[in-house]
Amino acid sequence: LGDHEVVFLFTDAHVADEGFLESINNMLTTGMVPALYEQDEKDQCINSVRKEVKAAGIAETPDNCWNFYVNKCRNNMHIVLAMSP
């Protein structure tokens with residue numbers, strides 16, 4: 001995870017399954033898709049930001065590291081939803 005801004009473009013042509021729309025809705029409303037990561041993947045994400053969390057003066061608990069990671073993703077990911085009328 002870097003500090004690069006990313007645009008996620010989702011059009012009506014990408015809707016292969018209605019479940020995609022639920023995931024997009026979750027990203028737009030909460031900034032997170034529930035159960036997106038397996039625990040081992042989540043642990044890797046947590047470990048990837050530990051140095052940044054410590055440098056920010058935040059206690060390095062798993063919850064704090066996860067929240068830092070999610071907020072970093074929210075700040076760098078921009079979602080564009082394009083649907084035809």
Side-chain angles (χ1 to χ4, degrees):
L1 176 69
D3 288 322
H4 306 288
E5 292 187 354
V6 176
V7 173
F8 179 75
L9 175 62
F10 190 85
T11 69
D12 53 354
H14 294 117
V15 182
D17 182 317
E18 286 189 29
F20 289 167
L21 293 175
E22 184 177 338
S23 295
I24 294 296
N25 184 53
N26 284 327
M27 283 192 281
L28 290 171
T29 56
T30 67
M32 187 64 193
V33 177
L36 180 63
Y37 295 105
E38 295 292 331
Q39 188 59 47
D40 61 328
E41 295 170 322
K42 189 173 175 181
D43 290 340
Q44 288 176 351
C45 295
I46 288 169
N47 290 329
S48 74
V49 296
R50 282 196 184 276
K51 288 181 184 176
E52 292 177 77
V53 169
K54 186 176 183 176
I58 303 169
E60 292 179 64
T61 66
D63 284 340
N64 287 345
C65 289
W66 178 247
N67 290 332
F68 187 91
Y69 174 82
V70 169
N71 286 329
K72 189 172 181 178
C73 291
R74 285 180 185 152
N75 291 336
N76 290 319
M77 185 172 175
H78 307 282
I79 300 172
V80 177
L81 183 60
M83 299 289 186
S84 18

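- Considering only heavy atoms from C-beta on, V6 stays 4.5 Å or farther from N76 through its side chain.
- Not a single donor-acceptor pair under 3.5 Å links the side chain of N64 to the backbone N or O of E60.
- We find the CD1-OG1 distance between I24 and T29 to be 11.0 Å, quoted to the nearest 0.5 Å.
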Passes side-chain contact (heavy atoms from CB on, under 4.5 Å), L28 versus I79? Steps please.
CA-CA 8 Å; L28 290 171; I79 300 172; 4.0 Å; yes

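- Between N71 and R74, the closest side-chain pair of non-hydrogen atoms falls below 4.5 Å.
- Taking CZ of F68 as the reference point, atom SG of C45 lies at 13.5 Å (rounded to 0.5 Å).
- Ring pair H14/F10 is tilted by interplanar angle, where 30° to 60° counts as tilted.
- One distance of note links OH of Y69 with OH of Y37; it measures 3.0 Å at 0.5 Å rounding.
- Side-chain contact, D43 with Q39: a donor N or O sits under 3.5 Å from an acceptor N or O.
- Cluster annotation: M27 and M83 are assigned to the same hydrophobic cluster (Ile/Leu/Val/Met/Phe/Trp/Tyr, side-chain heavy-atom contacts under 4.5 Å, transitive).
- Side-chain contact between M77 and F8: present, with at least one pair of heavy atoms (C-beta onward) separated by less than 4.5 Å.
- Between K54 and I58, every side-chain heavy-atom pair lies at or beyond the 4.5 Å cut-off.
- Checked by atom type and distance alone, the side chain of E41 pairs as donor or acceptor with a backbone atom of E38 at under 3.5 Å.
- A distance of 8.0 Å separates OG1 in T61 from CZ in R50, rounded to the nearest 0.5 Å.
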